[in-house]
Amino acid sequence: DLLGKKFGPDHPQIAEILHARADLYRYLKKYDIAKPLQERAVAIKEKVVGKDDPTIADYLITLASIYYKTGEDSAKVEKLLKRALAIVEKDEGPDSILVGRIVTKLGYLCLEMKRYDEAEKFMGRALKIYESYPEVDPEEISPVYKYYGEIFRGEGKLEEAEAWERKSKAAGVAFPEEPFDEPPAG
C-alpha cells in the first residue's frame, strides 16, 4: 500500500509485487489469497503495457494456474493459456521451451476434459519442442510421456498407454501430478 500511495495504484512496480506475491501464494496453495492479487496484477499490467505485450504472458499463465486450482470454468483457463501462447509464439517463436510448457498445460487441460484428440495434439507439439532441445531437462519431458499414457488410457488404448507410462518411469524423475503445480518463477 505504501508503494501505491507513492506511485499510484496502477504503477508497474505494483503489478510486479502483486504478481510475485500471488505466485508465492499459489505455490503455497493459498489460492483464495493468490487469486485477487493476480487478477489485480493482470489488470494493472494490461493497462500499463497493453494486452499483447510479451511481459504479460507469465501473468496470464499464473492466473490460469490459479483459476485451474480454484475450479474455475475450464474454458476460462483455456482462454488465458491460449492468449499467453499466442503472445509467446509471436515473441519467442513457435518452438521455445515456454511454448512447450504452455501447450503441455493446454494438453493436460484437454485430457481432463476428455478431449483426447486435442490433448494428443498439444502433447505431441510439446514433445516435439522438448525433443528438439538436446539439453532439455528430463523434468520438462517426462510429464509429457505420463500424460500421453493417460490420454491413451482414456481412449482405451492400454498397450500404448503402458508404453508411455514405462517411458515416463524410466526417466526416473519426480514431477508434479499435473502441470499447474510448478514452483514460482524466478
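Fair warning: this is a prediction, and the values are worked out from it, not measured in the lab.
A side-chain donor-acceptor contact under 3.5 Å links Glu112 and Tyr108.
In the hydrophobic clustering of ILVMFWY residues, with side-chain heavy atoms under 4.5 Å counting as a link, Ile87 and Ile97 come out together. Hydrophobic clustering (side-chain heavy atoms under 4.5 Å, transitive across Ile, Leu, Val, Met, Phe, Trp, Tyr) keeps Leu158 apart from Met123. Ile66 is not connected to Val42 by any chain of hydrophobic side-chain contacts under 4.5 Å among Ile, Leu, Val, Met, Phe, Trp and Tyr, and they are in different clusters. Using a 4.5 Å cut-off between side-chain heavy atoms of Ile, Leu, Val, Met, Phe, Trp and Tyr, with links allowed through other members, Leu109 and Ile129 fall into the same hydrophobic cluster. In this structure, Ile44 is a member of the same hydrophobic cluster as Val49, with clusters built from ILVMFWY side-chain heavy atoms closer than 4.5 Å.
Across Ile56 and Gly50, no two heavy atoms sit closer than the pair CD1-O, 4.0 Å. The shortest heavy-atom contact between Ala57 and Ala84 is O-CB, 3.9 Å. The two residues Leu111 and Ala119 make their nearest non-hydrogen contact at N-CB, 3.6 Å. Scanning all heavy atoms of the two residues, the minimum distance from Gly154 to Tyr116 falls at CA-OH, 3.5 Å.
Note that CG of Asp58 is 7.5 Å distant from CG of Leu98, once rounded to the nearest 0.5 Å. To the nearest 0.5 Å, atoms OH (Tyr67) and NZ (Lys79) are separated by 10.5 Å. The line from CG of Leu18 to CG of Leu37 is 6.0 Å long, rounded to the nearest 0.5 Å. Atom CZ of residue Arg26 and atom CD1 of residue Ile33 lie 14.0 Å apart, to the nearest 0.5 angstrom. With values rounded to the nearest 0.5 angstrom, Phe152 atom CZ is found 11.0 Å from Glu165 atom CD. The distance from atom OG1 of Thr104 to atom CD1 of Ile141, rounded to the nearest 0.5 Å, is 9.5 Å.
Using a 4.0 Å cut-off between charged nitrogen and carboxylate oxygen, Asp10 and Arg40 count as a salt-bridge pair. Between Arg153 and Glu160, none of the side-chain N atoms (NZ, or NE/NH1/NH2) sits under 4.0 Å from a carboxylate O, so this pair counts as no salt bridge. In summary, Arg101 and Glu140 engage in a salt bridge, as defined by a charged side-chain N under 4.0 Å from a carboxylate O. Salt bridge absent: Lys76 and Asp73 never bring a charged side-chain N and a carboxylate O closer than 4.0 Å. In this structure, Arg83 pairs ionically with Glu46, as a charged nitrogen and a carboxylate oxygen lie closer than 4.0 Å. Salt-bridge check for Lys82 with Glu78: passed, with a basic side-chain N closer than 4.0 Å to an acidic carboxylate O.
Side-chain contact between Lys169 and Lys146 is absent, with no heavy atoms from C-beta onward closer than 4.5 Å. In this structure the side chain of Arg125 reaches within 4.5 angstrom of the side chain of Val99, judged on heavy atoms. Arg21 places none of its side-chain heavy atoms less than 4.5 Å from the side chain of Leu24. Side chains of Tyr147 and Pro179 form a contact here, defined as non-hydrogen atoms less than 4.5 Å apart.
In this structure a side-chain-to-backbone donor-acceptor pair under 3.5 Å is missing from Tyr68 to Lys105. At least one donor-acceptor pair under 3.5 Å links the side chain of Tyr130 to the backbone N or O of Gly100. Side-chain atoms of Gln38 come within 3.5 Å of backbone N or O of Tyr59 as a donor-acceptor pair. At distances below 3.5 Å, not a single donor-acceptor pair connects side-chain atoms of Ser142 with backbone N or O atoms of Pro138.
Enclosure of atom NZ in Lys69 by more than 12 non-hydrogen atoms of other residues, nucleotides or ligands within 6.0 angstrom is indicated.
Aromatic ring pairs are classed by plane angle as parallel below 30°, tilted from 30° to 60° and perpendicular above 60°; the pair Tyr145 and Trp164 is tilted.
A side-chain hydrogen bond (donor to acceptor under 3.5 Å, both in side chains) with Glu118 holds for exactly one of Lys114, Lys121, Arg115; it is Arg115.
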Trace of the side chain to side chain contact (heavy atoms under 4.5 Å, CB included) decision for Lys45 with Thr55: CA-CA 8 Å; Lys45 194 73 167 177; Thr55 61; 3.2 Å; yes
